[in-house]
Amino acid sequence: MRVCMGCLKQVENKVYCNACLRKMFKGKSPILNLKKTEFQTIRYQKIDHFSISGVQDKISLKLSGKNLIPTTREGEYILKPVPNTDIEYLQADIPANEHLTMQIAKQIFKIQTAENALINFVDGESAYITKRFDRREGQKFRQEDFCQIGGISPESDGPNFKYETSYEEIGKIIHDHCAAPKIEIEKLFKLVLFNYIFGNGDAHLKNFSLIETINSDFVLSPAYDLLNTNIHFPNESRMALDMFEDFETEHYKNNGFCGFEDFIKLGEFYKIKSNRVKKMILEFPGKREKVEKLISQSFLSSEGKEKYLEIYLDRLKAMTEKF
Ligand SMILES: [Zn+2]
């Protein structure tokens, strides 16, 4: 079976389905006329000029006709291949992992995400490609990550600055800055929960942003950088931030990791109605079959698929078992 490198649905003799071509590439069949080795050269030559931050190897691209070309200005896409640094496990699966995780969030859990797909270099290897969402119809919208909003930087908070807070605390950013906090805080809650259940142990402050709307108020931005980091770093902690500032549930005291009770408590701290919180939590075991199907259709290696599923099932267990 051949599947679309965008939505993972079945296609015949095509790389992308028409819907994905429209959403990602303005309806054109894109050409990435670049080798992986050329990517490295561009990356190192232009590193200082690209306006995208972060430590991962990535470059900006724009669409010129059908061609995706590297650019330093007005990039429309971000391209992230397999990183060159040594990763403990399943390194070659990193682009497929990010792609699958983003697709699960979007298609199954209806989390708004950056548009994304996989794309091949001319020499064959696949990379993850995502569309920037701070540019719409030629206009640039203000986007600030939670470090910027909170005034947190390596200078003020040390080298670990992205991790020096809790999920409880970042809820306050929503209450302080969004015009409709009740809606946005539920979106944040669901995203924190999603990250936990899908093994994203690196959901730090820079991976959450607010973005300006057409009405000049702020909402939580579409989700980005979602991936199951636990399959690559099995010994890392389950969550990038502590759950609470100064509190531990009985579940956490007994097990050393978060479960159902912790998320119920987070919902209380976020002032979300308890029936809404329970509904959001129960959605995760409820959609197990759909998740399993999308994992099996993904571009992960067979070992990658196995590990991915294993972590998802393990987290579901933590969320449904009573201790
Ligand atoms: Zn598609």
Quiz item: Is it the case that one hydrophobic cluster holds both V82 and Y128, taking links as side-chain heavy atoms less than 4.5 Å apart, direct or via other members?
Solution: no
Practice problem: Kindly indicate whether the side chain of K305, heavy atoms from C-beta on, has any atom under 4.5 Å from the side chain of S298. | Solution: yes
Quiz prompt | Atom of G171, atom of L188 and distance for their closest heavy-atom approach | solution = CA-CD2, 3.9 Å
Quiz item: Is it true that the side chains of S153 and E155 contain a donor and an acceptor less than 3.5 Å apart?
Solution: yes
Quiz item: Can you check whether L193 reaches M319 side chain to side chain, under 4.5 Å on heavy atoms?
Solution: yes
Quiz item: Counting only N and O atoms by type, is there a donor-acceptor contact under 3.5 Å from the side chain of T113 to the main-chain atoms of K106?
Solution: no
Practice problem: Name the orientation class of the two ring planes belonging to F208 and Y167 (parallel below 30°, tilted from 30 to 60°, perpendicular beyond 60°). | Solution: perpendicular
Quiz prompt | Mutual orientation of the aromatic rings belonging to F284 and F198 [parallel < 30°, tilted 30-60°, perpendicular > 60°] | solution = tilted
Quiz item: Which of parallel (below 30°), tilted (30 to 60°) and perpendicular (above 60°) describes Y163 and H204?
Solution: perpendicular
Quiz item: Would a distance-only check, ignoring hydrogens and angles, find a side-chain to backbone donor-acceptor pair under 3.5 Å from Q297 to L8?
Solution: yes
Exercise. Any chance you could lay out the ring-ring contact (aromatic ring centres under 6.0 Å, His included) test for Y252 and F244, step after step, and finish with the verdict?
Key: CA-CA 11 Å; Y252 192 86; F244 306 108; 8.5 Å; no
Quiz prompt | Test item: Q148 side-chain N/O and D145 main-chain N/O as donor-acceptor pair under 3.5 Å | solution = yes
Quiz item: Which is it for K80 and I94 under the side-chain contact (heavy atoms from CB on, under 4.5 Å) test, yes or no, and what are the steps along the way?
Solution: CA-CA 9 Å; K80 293 159 87 175; I94 289 179; over 6 Å; no
Quiz item: Are the aromatic ring centres of Y16 and F25 under 6.0 angstrom apart?
Solution: yes
Quiz item: Is a side-chain N or O of D262 found less than 3.5 angstrom from the main chain of G259, in a donor-acceptor match?
Solution: yes
Self-check item: Side chain N207, main chain A203, donor-acceptor under 3.5 Å
Solution: no
Exercise. Please name the pair of heavy atoms, one in C258 and one in A318, separated by the smallest distance, quoted to 0.1 Å.
Key: O-CB, 3.9 Å
Quiz item: Linking Ile, Leu, Val, Met, Phe, Trp and Tyr through side-chain heavy atoms less than 4.5 Å apart, which residues share a cluster with V219?
Solution: F133, F141, I211, I214, Y224
Quiz item: Hey, does F247 have a side-chain heavy atom less than 4.5 Å from the side chain of L266?
Solution: no
Self-check item: Carboxylate-amine/guanidinium contact E74 K140, below 4.0 Å
Solution: no
Exercise. Please work out whether the ring planes of F39 and F121 are parallel, tilted or perpendicular, with thresholds of 30° and 60°.
Key: perpendicular
Exercise. Check whether any side-chain N or O of Q91 sits under 3.5 Å from a backbone N or O of P83 as a donor-acceptor pair, and report yes or no.
Key: yes
Quiz item: Are any non-hydrogen side-chain atoms of N230 and D314 less than 4.5 angstrom apart?
Solution: no
Exercise. Verify, without hydrogens or angle tests, whether K28 (side chain) and K66 (backbone) share a donor-acceptor contact under 3.5 angstrom.
Key: no
Self-check item: Nearest non-hydrogen partners of I231 and I311, listed with the distance
Solution: CG2-CD1, 3.5 Å
Quiz item: So, do I104 and F194 sit near enough that their side-chain heavy atoms are less than 4.5 Å apart?
Solution: yes
Quiz prompt | Under 3.5 Å: donor-acceptor pair, side chain of N97, backbone of L227 | solution = no
Quiz item: Does K26 pair with E76 as a salt bridge, N-O distance under 4.0 Å?
Solution: yes
Self-check item: Co-membership, hydrophobic cluster, residues M280 and F269, 4.5 Å side-chain
Solution: yes
Practice problem: Output yes when a side-chain donor or acceptor of T130 lies under 3.5 Å from a complementary backbone atom of A117, and no otherwise. | Solution: no
Quiz prompt | Whether E38 side chain and K35 backbone form a donor-acceptor pair below 3.5 Å | solution = yes
Quiz item: When clusters are formed by joining ILVMFWY residues with side-chain heavy atoms under 4.5 Å apart, either directly or through shared neighbours, do L79 and L63 land in the same one?
Solution: yes
Exercise. Considering non-hydrogen atoms only, spot the tightest contact between S166 and M243 and give its length.
Key: CB-O, 3.7 Å
Quiz prompt | CG (N160) with more than 12 external heavy atoms under 6.0 Å | solution = yes
Quiz item: Is F218 close to E212 at the side-chain level, that is, under 4.5 Å between some pair of heavy atoms?
Solution: yes
Quiz item: Quick one: does L191's side chain get under 4.5 Å of L226's, heavy atoms only?
Solution: yes
Exercise. Please check if atom NZ in K287 has more than 12 non-hydrogen atoms from other residues, nucleotides or ligands closer than 6.0 Å.
Key: yes
Self-check item: salt_bridge(D202, K162) N-O dist < 4.0 Å
Solution: no
Practice problem: Report yes if some heavy atom in the side chain of H175 is under 4.5 Å from a heavy atom in the side chain of I185; otherwise report no. | Solution: yes
Exercise. Kindly work out whether a path of hydrophobic side-chain contacts (I/L/V/M/F/W/Y, heavy atoms less than 4.5 Å apart) joins I108 to I295.
Key: yes
Exercise. Mind running side chain to side chain donor-acceptor pair (under 3.5 Å) on T101 and N228 for me, showing each step along the way?
Key: CA-CA 7 Å; T101 311; N228 187 327; over 6 Å; no
Practice problem: Return yes when atom NZ of K190 has more than 12 non-hydrogen atoms of other residues, nucleotides or ligands closer than 6.0 Å, and no otherwise. | Solution: yes
Quiz item: Any side-chain donor paired with an acceptor under 3.5 Å for Y77 and N116?
Solution: no
Quiz item: Would one find more than 12 heavy atoms of other residues, nucleotides or ligands at under 6.0 Å from atom CG of L313?
Solution: yes
